[in-house]
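Take a look at the structure set out below.
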Protein chains: 2
Amino acid sequence: MFYIIGLGLSDEKDITLRGLQAVKNSTRVYLEAYTSILMIEKDRLEAFYEKSLILADRDMVETQSDEILRNADVEDICLLVVGDPFGATTHTDIILRARALKIPVRVIHNASIMNAMGACGLQLYNFGQTVSLVFFTETWKPDSFYDRIKENVGLGMHTLVLLDIKVKEQSEENLARGRKIYEPPRYMSIPTAVSQIIETEESRQENVLNPDTTLAIALSRVGGGEEERIIAGTLRELLAHSADAYGQPLHSLVIVGKRLHHLEVDYAEEFAINRETWRNIAKDVYKCALE
Amino acid sequence: MFYIIGLGLSDEKDITLRGLQAVKNSTRVYLEAYTSILMIEKDRLEAFYEKSLILADRDMVETQSDEILRNADVEDICLLVVGDPFGATTHTDIILRARALKIPVRVIHNASIMNAMGACGLQLYNFGQTVSLVFFTETWKPDSFYDRIKENVGLGMHTLVLLDIKVKEQSEENLARGRKIYEPPRYMSIPTAVSQIIETEESRQENVLNPDTTLAIALSRVGGGEEERIIAGTLRELLAHSADAYGQPLHSLVIVGKRLHHLEVDYAEEFAINRETWRNIAKDVYKCALE
C-alpha cells in the first residue's frame, strides 16, 4: 500500500493516530522536503517515529515517483506531506502513477490552511476561490491574483491569499553557470504581501480594494499554539503594523468580503489592531448589521 | 483551558496525537452529539480514550455553554466535534462566551469535508462558496442554493454542496402536543440531492445546470477507508445510478465548474460511471484541453 499522509499544521503531534500507525508499519518513509524546511525538523520527526526518513524534494516527488513507489504493491511505503495531501500542493501526479502501476493508494487526511483558516472567525462557506501571490521583482509583477480577488469581491466572498515560498532557488549567476547552489529559503511576509496588493490596486485602478476600507486578516502558524498569530485590520493598518508582530512564517492573508455576518465581526474583533476602525468599517462600509 | 478538538472524518483513530493528549488530561470531555450519531459510536470512543464522555447536543452547546465551560479556568475541559472545529458547524458562540469569562481556548484542528473534498481530484483553490441543500417538502422548497451555484458557475468555479441532516426532529403531532419524542435521524442521499437540484433547475429555468452536460462528483465517507465512495458523472447519470452504490451517509456532492484542468479530468475519470461520457463532456462542453 502506498500511503500519502497529512502531517497537519504544526509539529510532530499533529499527525493522526491512523497516520502514525501507517508510518510505523512502513518499510520506507519519505518526507516531502517542503515539510522539513517549514515547520518540522526531520531529526525531531525521526526521533518521534523511531524511523529514519528519506527527504524527497518536489522534483523527486514529480520525476522519480517510480523509485518512491518501488515495492509498494507488496510493502507499505509512505510519503509524509505538510497539511493535507490535497492541500495547496497536490499529489495528483504520483497518485496517477501509482494507479497506472496498480499500486493501492490510501490518503490519510489532516488539517490544512484550506480549512484551518476558519480560525480567523470568518465562515468557511463564504470563501470564494483561493489565490496565490508570488514575489514581485523589478521586472515581473504577475497580477492575475487581482482578477481572482475581483471576482470574489464582486460576489461578496472572502478570499484566502496564499503567500509565496521560494525554496531551492538559484541566483541568476549560479543558474547561468549550472551550479547547483541554492539561496536560503524565502517566505513572503504579511507586510510584503499587503504592499504588493496595494501596488497592484494602484496600477490596475479597478477599485477592487481600498487600503483604508478593505478589511483583511493576517494568519501566521495557524494551529501552532503559542506561535499562532491572527491580526485583523484595514490593509493600511496591517502594512503599518510591526512586522515582528506577525511572527514566524508561514503567513497567509484573508481579504474580507462584503457578505459579512455580525458574528464574524464580533469574533474577529479580538484580533483587530484597532477595534474601533474594525467595527466602524464593518458597519459603515461593509453594511454589516451590528448592534 | 477549554479545548475544542476536531475528531476528523471517520473513526477514533482520526484524532491527532495532540488532540488525544488533551482528552487524556481533561477532567470533563463533551462529545457533540452530531458526532456520535454520525460515524463514531460513543462507547467505542470511551473505550479508546478510557474516559467517560458527556453527550452534548446542539442545543446544549448553544444554550448551556456556561455549564460546559465550568471550571475551565482551572481545569482542562474539552469538547469533541466531528471534522474540524471550524467546519460547516461553527463554534463561534461558545468561544465568544469563553472569552467573556476569560477562559483560555485552544482549538485543535483536523480534516473536514471542507478540505478533504480534494479527494475527488478537483483543485481546492478552484472551489467557490459552499452551499447547503435542505430536504424539500411538498410546500417548502428553499432554492437560494441555486443562486449561489449560479454565482460559482458564472465564474467557472467548483461548488461543494453539503447535504441536509435531520436529527432530533419531531413529527408535527408530537411538536403540537409538546411531546419530546424524536424521529429517527435522516441524512440526505446523493439521489435525493440530485433530484432536488434538477427539480430546481426545471422550475427556475436559468440554465445554470444541465442534467445531461453538468458534471458532478458524489462523495461518501471521505477518509473512511474501505467505506469511502467517490462516483463521478453527469447529474442524470448520478441520479440513475444504483442508490446502494453511494454507500452509507454522510454524502456530499461537488458540482464541477468550467475552469477545469486536464489533470483534474484524468484524476476523476477513475471514479466515472461512464468514462467515455466523462471525457467527452469535459472536452466538448467544458472545453478542457484533453489529449
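Lettering follows sequence order; numbering is per chain, from 1. We use all heavy atoms of the structure for the numbers below, so side chains are in, but hydrogens, waters and symmetry mates are not.
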**Study point:** Choice from A:Leu96, A:Asp14, A:Asn152 maximising heavy atom contacts with chain B below 4.5 Å
**Key:** A:Asp14
**Study point:** Closest-packed option against chain A by number of heavy-atom pairs under 4.5 Å, given B:Val131, B:Leu160, B:Leu155, B:Leu263
**Key:** B:Leu155
Point to revise | Any donor-acceptor pair under 3.5 Å from A:Arg99 side chain to B:Tyr267 backbone | key: yes
Point to revise | Side chain / backbone / both / neither for A:Leu20 at chain B, heavy atoms under 4.5 Å | key: side chain
Check your understanding: Roughly how far, to the nearest 0.5 Å, is OG of A:Ser112 from NE2 of B:His109?
Key -> 10.5 Å
**Study point:** Max heavy-atom pair count under 4.5 Å with chain B, selected residue of A:Ala116, A:Gly8, A:Gly223
**Key:** A:Ala116
**Study point:** Separation between OH of B:Tyr125 and CD of A:Gln129, rounded to the nearest 0.5 Å
**Key:** 11.0 Å
Review point. How far does OG1 of A:Thr16 sit from NZ of B:Lys13, to the nearest 0.5 angstrom?
Key: 10.5 Å
Practice item. Side chain from CB out, backbone as N, CA, C, O: work out which of these in A:Gln21 comes under 4.5 Å of a heavy atom of chain B, or both, or neither. Key: side chain
Point to revise | Between CD on residue A:Gln123 and CZ on residue B:Phe86, distance to nearest 0.5 Å | key: 10.0 Å
Exercise for review: Sort out for me which of A:Gly225, A:Gly19, A:Ala111, A:Gly83 touches chain B most, counting heavy-atom pairs under 4.5 Å.
Suggested key: A:Ala111
**Study point:** Backbone of B:Asn110 reached by a side-chain donor or acceptor of A:Asn115 within 3.5 Å
**Key:** yes
Practice item. Could you go through the side chain to side chain contact (heavy atoms under 4.5 Å, CB included) check for A:Leu17 and B:Leu17 one step at a time? Key: CA-CA 6 Å; A:Leu17 300 181; B:Leu17 300 181; 2.9 Å; yes
Exercise for review: Any chance you could measure A:Ile15, atom CD1, to B:Arg18, atom CZ, to the nearest 0.5 Å?
Suggested key: 12.5 Å
Check your understanding: Would you find a donor on one side and an acceptor on the other, under 3.5 Å apart, between the side chain of A:Asp266 and the backbone of B:Asp93?
Key -> no
Practice item. Could you grab the distance from atom OG1 of B:Thr92 to atom NE2 of A:His261, nearest 0.5 Å is fine? Key: 9.5 Å
Exercise for review: Kindly check if the number of other-residue, nucleotide or ligand heavy atoms within 6.0 Å of NZ (A:Lys51) is above 12?
Suggested key: yes
Review point. Among B:Val107, B:Ile108, B:Asn126, B:Ile95, which has the most heavy-atom pairs under 4.5 Å with chain A?
Key: B:Ile95
Review point. Of all of A:Met117, A:Glu228, A:Met157, which one pairs up most often with chain B through heavy atoms under 4.5 Å apart?
Key: A:Met157
